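Worth saying up front: this structure is predicted, and the values here are computed from it rather than measured.
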Amino acid sequence: MSQPTKSWATEAYTSLTKGLKEVDLCGPCVPCNLVLIGDYAFPLVMNSQGQVLMAASVYGRGRIVVLGHEAYLTTCSNLVENAVIWLKGEGSDNLSVGVHKSVKAVANTLSKSTFQAEVVKAFSDNVEVGVYVTDAYSIGADVKELVAYMKAGGGVLIAGQAWSWAGNHPKENTFLQFPGNKVSSVAGVYFTDCYGERERLPVYPEIPFNWKTLRVGKDFRDDLETLLQGISKFDLQDGVLASEVLVHGTLAFPIGTTESGRAFLAGAYYGQGRVIVITHEGLLGQETLVPVWKNAVRWLDEGRNGAVGVVPQLEAACNLFQKSGITSEKTKFRKDLSVFVCTAYSDDYVEEIHDFVAQGGGLLIGGHAWYWAETHSGQNLLTDFTGNKILNKMGLSLLENTIKEGSYKAPVLSQTIKDTYHFRHLLQRFAGHVYEGQKLTERDEECLKKLGGDCANFLRMQAYSCSSYTQVVSTLTNVLKKSGMPQVSESCPVKRPTDHLLLSVGTEVYKICSNPDALLPYLIKDNPLMPVSYNHRVKLQINTAGGKEWVSTGLYLSPGMKTYIAIPAEIVNKGWQVQIGCQTDQLNAEELKRAPRVHDQFPVTAEMMQVWNLWGGLIYLVAPPNAQVQEAEVIVQMAVPAPYYKSGVTTAADWARLRTAPSPWAELEFDNIILTVPSDVVRGLEHPDKLAESWNNIMRGIADLAVIPHKFPRKERFVTDVQISYGWMHAGYPVMAHTAAAVDLVSIDPKKRDLWGAIHELGHNQQRGCWEFPPHTTECTCNLWSVYVHEEVLGINRAKAHPDMTLEKRQSRAKEYAKGGKKLSNWKVWVALETYLQLQDRFGWDAFKKVFAAYHKMSNFPGDNKGKMNLYAQTFSQTVGMNLAAFFKAWGWPIETATEQKLSNLPQWRDHPMVQYD
């Protein structure tokens with residue numbers, strides 16, 4: 001069979017149910033519930049309780065149909081005939097069907113068709129058949145042959161129930177030891193010991209769906225008893241920064257978690273094998289975790305006492321295993337291993353590992369995903385990261401979220417899976433809350449925010465051919481249609497955990513659902529039509545020497561509005577992106593005034609792209625670092641015009657027309673800064689050229705103090721938003737500010753604008769680690785730019801620029817600091833700023849400029865605060881030609897004797913302001 005596509009399961013389901021209107025399962029036979037995992041297993045028949053009673057899947061080039069009771073082979077003859085036809089495959093002319101003697105009645109049914117049925121004692125009696133039919137109890141010694149037959153292209157029809165077998169084998173693991181599971185599980189279908197409810201069921205035109213099927217397939221208590229034997233805690237040490245793992249599979253479960261339920265150690269069943277993931281490979285070599293790895297290897301080995309192979313990259317882990325009595329060897333992947341230990345960073349054996357585990361092997365895999373996410377901007381962690389290519393199918397996915405080192409308690413074995421956080425369990429509970437009004441527990445509500453983030457990550461897998469994925473998508477889509485999405489705004493903030501969840505989920509479901517246009521009215525209630533422009537051309541002249549850069553288009557998309565963009569070939573597949581939305585802060589607040597994420601990005605991978613965003617937003621091209629493009633052009637098919645002013649390009653006549661453009665967001669682009677503000681605040685701006693002149697002067701002032709060229713390598717950006725990730729403003733690219741700050745940003749009247757905070761953030765962007773002493777100066781030295789610009793550019797005395805800058809308050813702070821013992825723990829923000837202001841009062845701004853210039857020429861800086869503070873004291877002293885050691889010591893700086901000796905030939909500053917407090 002060829003690689004399944006997005007529609008393959010739908011086509012298979014249609015073939016398997018051809019001509020059927022209902023399936024009557026009300027007879028005396030009690031079926032078992034089937035559990036499905038992996039990418040290709042899908043339900044054929046599902047009862048009202050969400051129990052799967054019949055299923056189908058593929059493995060390798062072959063196919064399998066599984067029935068939840070052997071009697072169905074005769075009572076559901078039409079379905080069986082469809083199944084045999086589908087199992088044979090479209091391209092095969094082999095009409096021979098082998099029927100195990102235990103179900104020989106099937107041969108009579110098939111003899112009435114074109115198939116040639118032959119009753120056999122065992123599969124090994126005749127392996128030339130196109131389809132093999134058996135019950136789930138008569139596999140015997142044919143397991144390996146049957147699995148190999150199916151993988152090579154054969155079709156298997158297998159039927160039975162596991163509840164009676166489990167009753168007779170109470171100490172056996174049904175998922176691994178029940179005979180039928182030794183074959184069906186490799187294709188992701190398991191017989192279970194759970195009774196299935198008998199009903200007369202309609203045959204639906206599409207693959208059956210029920211939110212109740214989102215249950216977890218096992219309670220895992222017996223697994224945890226083995227894995228946690230002698231374990232009371234997990235010590236994550238040695239400076240590791242682990243990732244979080246999303247546990248989303250029906251047969252996946254957390255082993256080690258933080259108190260809030262974030263997993264760093266997890267396991268899963270996959271076929272006849274098992275997997276354990278630890279979210280940092282360094283932990284495999286940590287001595288305090290040796291008992292954990294002993295238990296893990298024992299569980300993965302399943303009693304075979306087989307070979308344990310460790311990849312050479314994990315030499316420390318292999319040495320520790322051998323030292324601790326775990327017999328292991330350094331080796332690349334081999335099929336004859338019992339347990340394979342590897343990292344999440346190599347894609348050399350992805351498919352081989354899947355087969356290895358499905359056929360009974362054990363996999364212990366270590367690795368984190370946060371670094372990959374940081375270094376692969378624009379790529380999808382869930383689909384592109386090697387570790388997830390291995391783990392997704394197994395119900396586990398590594399996330400970019402981090403888990404710090406520490407000691408974490410092992411779970412309590414008396415708790416069931418329902419008592420701990422599990423993605424599927426809580427999602428089912430939430431769906432039940434929406435559909436049937438089921439009451440959520442206090443613990444459930446506490447975890448809903450996490451569930452929202454987990455749903456968003458899960459949906460990014462885009463596993464459209466996977467039944468478990470489409471079941472989750474269908475559940476969330478229907479939940480949104482039934483409940484709607486909260487219409488969050490500044491006047492209508494969201495506080496309830498359920499609303500948090502719906503906001504997170506709505507954004508992601510809209511991106512990946514099959515019919516987003518039909519879903520849109522349930523998500524955005526007020527979405528008025530706006531006038532649009534067509535075939536708008538945007539010229540690109542780009543040189544991103546200053547790093548990744550947004551390129552404004554002056555266009556806006558309404559919520560849910562789609563447009564095509566024609567892209568020049570020279571930037572396709574070169575790291576460029578199209579971005580919709582300027583508010584890029586990810587919110588994590590208890591009260592939300594907007595959705596947590598309201599922008600979207602699309603990698604530029606084709607010369608014609610369609611883009612959209614649930615929340616709408618301004619359209620940008622995002623250029624990667626070190627990109628150089630001249631005279632290229634993009635064409636936006638249809639978009640809403642935005643008020644967009646660009647110095648030297650937009651004429652007064654253009655602006656008179658553009659400032660009334662319908663977009664709710666406007667941009668003003670000057671020589672070195674771009675301001676993104678609500679359009680309402682620029683509607684009355686008649687002279688943007690005067691505002692440009694003011695900001696050009698401000699930015700030149702910022703450059704002058706930093707001693708950098710007046711033309712910035714990348715223009716700074718300010719973006720205003722109804723809510724930001726932290727603070728009133730915060731630095732970065734872009735600088736983020738609350739919408740209330742927009743009026744000050746675009747005001748020309750110095751009496752009506754407050755720019756201290758804005759320049760403070762621009763000062764943050766000028767800070768350099770070599771002369772910063774965190775945490776003391778983090779919120780201090782950036783204020784040097786606020787003082788400088790107000791005095792030297794805006795002509796506003798520092799005492800009037802900010803209430804905390806009056807001489808009285810300055811002197812009071814210095815006095816109180818000295819009185820308190822001159823402790824560096826108290827030397828921060830305004831207190832620390834006074835140190836620099838005293839230097840400025842005495843030596844002027846030129847001294848600071850010369851000091852900053854001196855640092856531009858240095859290299860090999862100290863990494864610790866003490867070393868950096870001594871270097872700063874030395875540099876400033878030598879710059880002004882005066883020994884300032886006593887001054888800095890008076891402020892509590894840890895000035896070393898060696899520094900004092902270096903400065904001993906300079907005249908001392910004896911009358912510095914802190915002398916009075918000695």
Side-chain angles (χ1 to χ4, degrees), residues 1 29 32 34 54-77 80-81 83-89 92 94-111 113 115-166 168-169 172-191 271-273 302 304 355 358-360:
M1 178 178 176
C29 306
C32 75
L34 303 175
M54 300 181 186
S57 187
V58 299
Y59 180 65
R61 294 189 290 116
R63 301 173 173 181
I64 187 171
V65 172
V66 182
L67 310 181
H69 198 286
E70 65 273 18
Y72 296 161
L73 288 170
T74 51
T75 61
C76 300
S77 55
V80 167
E81 186 171 348
V84 173
I85 293 172
W86 180 75
L87 290 167
K88 176 181 72 70
S92 173
N94 187 346
L95 300 178
S96 175
V97 179
V99 180
H100 191 272
K101 65 179 183 177
S102 60
V103 291
K104 61 183 179 181
V106 177
N108 298 329
T109 301
L110 294 177
S111 64
S113 66
F115 287 98
Q116 301 163 9
E118 179 184 356
V119 177
V120 297
K121 293 181 180 179
F123 173 74
S124 55
D125 289 350
N126 187 349
V127 295
E128 300 300 323
V129 295
V131 177
Y132 182 68
V133 183
T134 181
D135 64 28
Y137 324 112
S138 306
I139 305 301
D142 292 331
V143 171
K144 288 186 177 180
E145 289 82 358
L146 258 176
V147 170
Y149 161 78
M150 184 165 53
K151 186 177 182 182
V156 175
L157 174 58
I158 184 170
Q161 47 77 20
W163 51 262
S164 60
W165 183 93
N168 294 325
H169 300 80
E172 299 288 341
N173 187 320
T174 304
F175 284 83
L176 298 178
Q177 300 303 323
F178 177 64
N181 280 338
K182 295 180 179 180
V183 175
S184 65
S185 67
V186 300
V189 183
Y190 294 83
F191 298 89
Q272 277 292 285
E302 296 181 29
R304 294 183 292 265
D355 281 346
Q359 295 182 34

Completion exercise
Taken in chain and number order and not counting sequence neighbours, the residues that satisfy side chain to side chain contact (heavy atoms under 4.5 Å, CB included) with Leu176 are Asn173, Tyr269, Gln272, Arg274, Glu302
Exercise for the section: Fit a plane to each ring of Phe178 and Phe191, take the angle between them on a 0 to 90° scale, and name the class: parallel (under 30°), tilted (30 to 60°) or perpendicular (over 60°). Expected result: perpendicular
Problem - Short side-chain to backbone donor-acceptor contact, Ser184 and Val189, under 3.5 Å - result: yes
Exercise for the section: Classify the ring geometry between Tyr72 and His69 as parallel (under 30°), tilted (30 to 60°) or perpendicular (over 60°). Expected result: tilted
Exercise for the section: Before giving the answer on side chain to side chain contact (heavy atoms under 4.5 Å, CB included), spell out for Thr109 and Val80 the whole-Å C-alpha distance, their side-chain angles and the decisive distance to 0.1 Å. Expected result: CA-CA 9 Å; Thr109 301; Val80 167; 5.6 Å; no
Practice task
Taking the side chain as every heavy atom from C-beta outward, state whether Val65 and Met54 have any atom pair closer than 4.5 Å.
Solution key: no
Fill in the blank from the handout: Shortest non-hydrogen pair, Gly160 vs Cys32, comes out as O-SG, 4.0 Å
Fill in the blank from the handout: On a heavy-atom basis, the closest approach of Pro179 and Ala136 is CB-O, 3.3 Å
Completion exercise
Nearest heavy-atom contact between Val119 and His100 is CG1-C, 4.4 Å
Exercise for the section: Using modelled atom types only, decide if a donor and an acceptor are shared between the side chain of Asp135 and the backbone of Ser138 within a distance under 3.5 Å. Expected result: yes
Completion exercise
Separation between OG1 (Thr174) and OH (Tyr190), nearest 0.5 Å, reads 12.5 Å
Exercise for the section: Please check if the side chain of Ser57 supplies one atom and the backbone of Ala187 the other of a donor-acceptor pair under 3.5 Å. Expected result: yes
Handout entry: Rounded distance [0.5 Å steps], CG in Leu67 versus CD in Gln161
Key = 12.5 Å
Practice task
Please round to the nearest 0.5 Å and tell me the distance separating atom CG of Leu87 and atom CE of Met150.
Solution key: 10.0 Å
Handout entry: Check against side chain to side chain contact (heavy atoms under 4.5 Å, CB included), Ile158 and Ile139
Key = CA-CA 10 Å; Ile158 184 170; Ile139 305 301; 4.0 Å; yes
Practice task
Quick one: closest heavy-atom pair of Val186 and Ala358, and the distance?
Solution key: CG1-O, 3.2 Å
Handout entry: Partner of Leu157 under side chain to side chain contact (heavy atoms under 4.5 Å, CB included), chosen from Val66, Thr134, Leu73
Key = Leu73
Practice task
Kindly compute the distance separating OG (Ser102) from NZ (Lys121), expressed to the nearest 0.5 Å.
Solution key: 13.5 Å
Problem - Centroid-centroid distance, Phe123 to Tyr149, less than 6.0 Å - result: yes
Exercise for the section: Would you give the length of the straight line joining atom CG of Asp355 to atom OH of Tyr59, rounded to the nearest 0.5 angstrom? Expected result: 4.0 Å
Handout entry: Val84 and Val97, any side-chain heavy atoms less than 4.5 Å apart
Key = yes
Problem - For Val103 against Val99, the heavy-atom pair lying closest together - result: O-CG1, 3.3 Å
Fill in the blank from the handout: For Lys88 and Leu95, the nearest pair of non-hydrogen atoms, with its separation, is CD-CD2, 3.8 Å
Practice task
First locate atom CD of Gln177, then atom CG of Asn181, and finally report the distance between them rounded to the nearest 0.5 Å.
Solution key: 10.0 Å
